[in-house]
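In each ligand, atom 1 is the first atom listed, and ligand 1 is the first ligand listed.
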Amino acid sequence: MKKNTRKTFYITTPIYYVNDQPHIGHAYSTLVADVLTRFHTMKGDSTWFLVGTDEHGSKVQEAALKAGQQPQEFVDRISSYFRNTWKSLNITYNDFIRTTEERHKKSVCAFMQQLYDAGYIYEGVYEGLYCTGCERFYTTKELNEKGECPDHKRKPELIKEKNYFFKLKDFIPDITRDIESDRMEIYPPERKNEMLALLQNGLDDFSVSRERVTWGIPLPFDSSQRIYVWVEALQNYISALGYFANIKEQNEKFSTFWPADIQVIGKDITKFHCIFWPALLKAVELPLPKKFIVTGFFTVDGQKMSKTLGNVIDPNDLVKDFGVDGARYLILSQFAVGADGDIKAQRFIEKYNADLANNLGNLVSRVSHMIMKYCNGVIIRTAQDTKHFEKISREIYNSIETGKLDVALSAIFQDGFSILNKEIEEAKPWELAKHDTVALSAHLSRWAQHIEFYGKLLSPFLPETSQKIVQAFSGPSVQKSEILFPKK
Ligand code: MSP
């Protein structure tokens, strides 16, 4: 049971592999979680936002070898790129977990022992096709016509080894019910249906250890094996809260924040999160996450992002080119949450100029200039249609709460800023200044108050910009602010 009297909100992102540096896809899921965190904090909830890096397994070990570094040295370096990137994107995480940390290892070992003691682990031999890129086994049915992994386009390796297995099958009926009833919600619905179809087709028990991998956490009950990277990685969501099987050592943070309110994941990792993870949790009698928000996949100029093609978009470059909030906007406004999409790199400038420089930036600057010029800087506060404001806030809050961030953003930009700019064009305040100053000041007062209103709503998305707008328009007189988004 959650103890806090304030509503709590716990949100997580996937922990990213440190085989390579962060790209715009990683930034997207992290930003989605950041917006939701900021939104809940704004509402007064006690929030906890976890991010982190997934540092074990053959994929990372191979990358270290290729870079000519020891695995630990290598993961330290790459993990810090993720940390720095989140800093430069103004991500307000509370904790950054690394799976090579002692706190994680300790919690995971206790969890694995708990599974074993409860009788959910058995020994067997696994023979299967393994793709190191995905760190998972494939059935032949799942491969493409050339017998390759559909994601990495390379042939998986045939592996036969002793493994320990987890009795997934015992939990399938229960998990099916939890998903069907939305007790554990999966958004968007296509992903929910996809999981239900998988469960209906039947799933085999999965292995929780690997014999040949050396870069990993030893199994507590058989140290000749390493814990399968996915099985330990999933546990980061509770190890970071200080989960420990022995209740006496339990961390208060765990009892406050678990179960997670939202786990943001990508569509490539739904089976692990929406089926395997809940089964593991059920086996140790822990409650399940309340909701998964599943994001889609980006391609860049029609191609999968890859170093060889040279089309990987580094979020740090976007920050350099467009500023923090510019980068946040360009990443978040790409597609509907959950949808796949193709990013056209050269369109960034176009979108930045259209939405940020010309629409929002221009609106803020022209209205504050006019208030200075025609009203000596004084913002006359008149009664506004509060019902209308309440209705809009409710709609926008509701979109954010249900994960439709794109709908909320476009309501703020299109129904808010664009309409205000249009109103200015139609009202022609420069004409009114010559013959109807009463009408002019009524308009300016309305525009200033609307900008302040929409500016506040922007805060989970573009926190710095929102603050500047609110600062400029919330006092008795308009404060001169720097140009928000210089034209490119
Ligand atoms: N380490 C695992 C996750 C373990 S969570 C317990 C992993 N890492 S990953 O580095 O491959 O990143 C996975 C996540 O990054 C995806 O699920 C998705 O959220 C995001 N993306 C990675 N590439 C992406 C795109 N091309 N487009 C959009 N998001 C993508 O899997």
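- Contact shell of ligand 1 (protein heavy atoms, cutoff 4.0 Å): P14, I15, Y16, Y17, H23, G25, H26, S29, D54, W230, A233, L234, N236, Y237, G266, D268, I269, H273, T295, G296, F297, F298, M305.
- The cationic group of R136 lies under 6.0 Å from the six-membered ring centre of Y138 and within 45° of the ring axis, placing it in a cation-pi geometry.
- The environment of K43 atom NZ is dense: over 12 non-hydrogen atoms of other residues, nucleotides or ligands sit within 6.0 angstrom.
- For H26, the side chain to side chain contact (heavy atoms under 4.5 Å, CB included) partners are Y16, P22, H23, F82, W86, not counting sequence neighbours.
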Atom pairs and distances, donor-acceptor, side-chain atoms in residues 148-158, under 3.5 Å, two or more places apart:
unit_1	atom_1	unit_2	atom_2	d
E148	OE1	N144	ND2	3.1
D151	OD1	K304	NZ	3.4
K153	NZ	P150	O	2.6

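- In this view, D174 and R177, K282 satisfy the salt bridge (Lys or Arg N to Asp or Glu O under 4.0 Å) rule, not counting sequence neighbours.
- Annotation: cation-pi pair K106/F244 present, NZ/CZ under 6.0 Å from the ring centroid and within 45° of its normal.
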